[in-house]
Undergrad: 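My questions all concern the structure below.
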Amino acid sequence: MGKNEMSVLGVSEAEEDVYRHFLRNPGAGTDGLHLLLHIDAQALRTCVARLRELGLLHPESHGPGIFPTDPDTALARLVDLRLNILHQELQRVTRSRHLIDGLRAEQGGRRPPPVGIEQLEGADRIRDRIDDLAFFARDEILSVEPYTRLSPESIARSRPMDLRCLRRGVRIRSVVARTALEDPATAAHLRELAAHGAAIRVTSDTTERLLVYDRRTALVPLDPRDPSRGVLLAQRSGLVSNIVALFEKIWDQCVDLARADDEGDGPADAALSGAERRVLVSMCTVGKDEAGARELGVSVRTYRRHVAELIQMLGASSRAQAALLARERGWV
């Protein structure tokens with residue numbers, strides 16, 4: 001029996017041993033396997049049944065052999081399943097009336113509050129704690145904030161701290177509602193943060209609200225439908241990890257701010273010049289920069305500058321991703 005590396009994905013040590021066995025021996029049967037793995041026969045049958053249920057094992061079409069699912073496919077399936085479970089758990093934690101009432105009772109002194117969990121009430125107290133957490137953040141700030149607009153006071157309060165964090169090298173990743181871009185002041189503030197290095201994505205469908213600092217401290221509302229009721233501050237690794245997993249799931253389903261801006265401006269390629277459009281087509285069809293530059297009758301340096309500008313305009317991280325996004329948006 002080895003180290004249970006797949007436990008984070010909800011797979012037991014025995015189940016992992018069985019899956020690894022069939023990775024090494026695809027098409028093998030189960031005869032005598034319980035002796036090899038030092039578990040009883042019934043436990044082995046249970047493990048095989050659950051692994052088949054999870055989609056990690058599948059039987060041979062004709063015969064007793066069992067085959068493993070490819071690890072990339074298997075782990076992607078497990079991650080998605082685990083994230084869905086974590087999402088549901090987090091929803092129960094943050095929306096459970098029983099939990100809220102229990103925390104309130106513990107504040108009354110009946111017994112000490114649970115370590116790593118704190119309930120904050122009052123807008124001023126919450127803002128002060130958020131300012132402290134941002135001031136001392138070292139690595140990363142994650143947020144999902146489905147506001148429709150920011151007041152001038154909110155922008156004036158948060159802007160200096162956000163810019164200070166970015167100057168110190170703190171990575172900021174934020175998800176905002178698409179409707180927030182309809183407010184000129186809010187949109188300008190978000191674009192300014194993005195220009196200074198913040199990674200901002202836009203969603204049309206989320207009611208989640210969360211903040212995470214350095215993956216160690218997280219804040220979620222006690223009642224997502226009524227933020228005025230206060231927030232739950234968690235410093236317990238398990239709960240914080242669940243909240244980070246939920247953030248990553250939301251993040252993966254959103255679009256970059258620059259792309260969202262372009263999508264709201266009418267025809268997707270309206271802002272492209274003729275030269276940029278030709279470079280884009282060449283970038284998607286021609287292999288080498290030298291060949292592309294020669295085809296367009298420009299220098300390699302000019303060609304590469306246009307390519308870099310197009311990658312930035314598309315919000316891509318590579319040429320391959322830029323080509324894919326350009327095709328998705330009908331630019332080529």
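Predicted model, so just to flag it, every value in this text is computed and none were measured.
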Undergrad: Who pairs with D70 by salt bridge (Lys or Arg N to Asp or Glu O under 4.0 Å), at least two apart in sequence or on another chain?
TA: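 For D70 there are no salt bridge (Lys or Arg N to Asp or Glu O under 4.0 Å) partners, ignoring immediate neighbours.
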
Undergrad: Which value, rounded to the nearest 0.5 Å, describes the distance between L142 atom CG and L246 atom CG?
TA: 11.0 Å

Undergrad: Sequence neighbours left out, what pairs pass salt bridge (Lys or Arg N to Asp or Glu O under 4.0 Å) with at least one residue falling in residues 131-142?
TA: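 Listed by first then second residue: D131-R157, E140-R171, E140-R173, E140-R215.
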
Undergrad: Tell me every residue that passes side-chain hydrogen bond (donor to acceptor under 3.5 Å, both in side chains) with D124, counting only those two or more places apart in sequence or in another chain.
TA: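 For D124, the residues satisfying side-chain hydrogen bond (donor to acceptor under 3.5 Å, both in side chains) (neighbours in sequence not counted) are R127.
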
Undergrad: Could you walk me through whether D256 and R201 pass the salt bridge (Lys or Arg N to Asp or Glu O under 4.0 Å) test, one step at a time?
TA: CA-CA 4 Å; D256 187 79; R201 291 190 179 182; 5.1 Å; no

Undergrad: So do V18 and L44 actually touch side chain to side chain, heavy atoms under 4.5 Å?
TA: yes

Undergrad: Less than 4.5 Å apart, any side-chain heavy atom of R164 and any of F135?
TA: yes

Undergrad: Between Y213 and I130, is there a side-chain heavy-atom distance shorter than 4.5 Å?
TA: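 Yes, at least one pair of side-chain atoms sits under 4.5 Å.
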
Undergrad: Kindly indicate, with the supporting measurements, whether the criterion side-chain contact (heavy atoms from CB on, under 4.5 Å) is fulfilled by V176 and T186.
TA: CA-CA 10 Å; V176 300; T186 302; over 6 Å; no

Undergrad: Could you state the interatomic distance from CG (L54) to OH (Y19), rounded to the nearest 0.5 Å?
TA: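 If I round to the nearest 0.5 Å, the distance is 11.0 Å.
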
Undergrad: Below 4.0 angstrom, N of the basic side chain to O of the carboxylate: do E145 and R209 qualify?
TA: no

Undergrad: Can you tell me how far the CZ atom of F22 sits from the CZ atom of R24, to the nearest 0.5 Å?
TA: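 Interatomic distance, F22 CZ to R24 CZ, rounded to 0.5 Å: 10.5 Å.
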
Undergrad: Could you give the distance from CD1 (I141) to CG (L133), rounded to the nearest 0.5 Å?
TA: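 Here the rounded value is 8.5 Å.
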
Undergrad: So does R149 pair up with E182, basic N to acidic O under 4.0 Å?
TA: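 No, no charged N to carboxylate O under 4.0 Å.
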
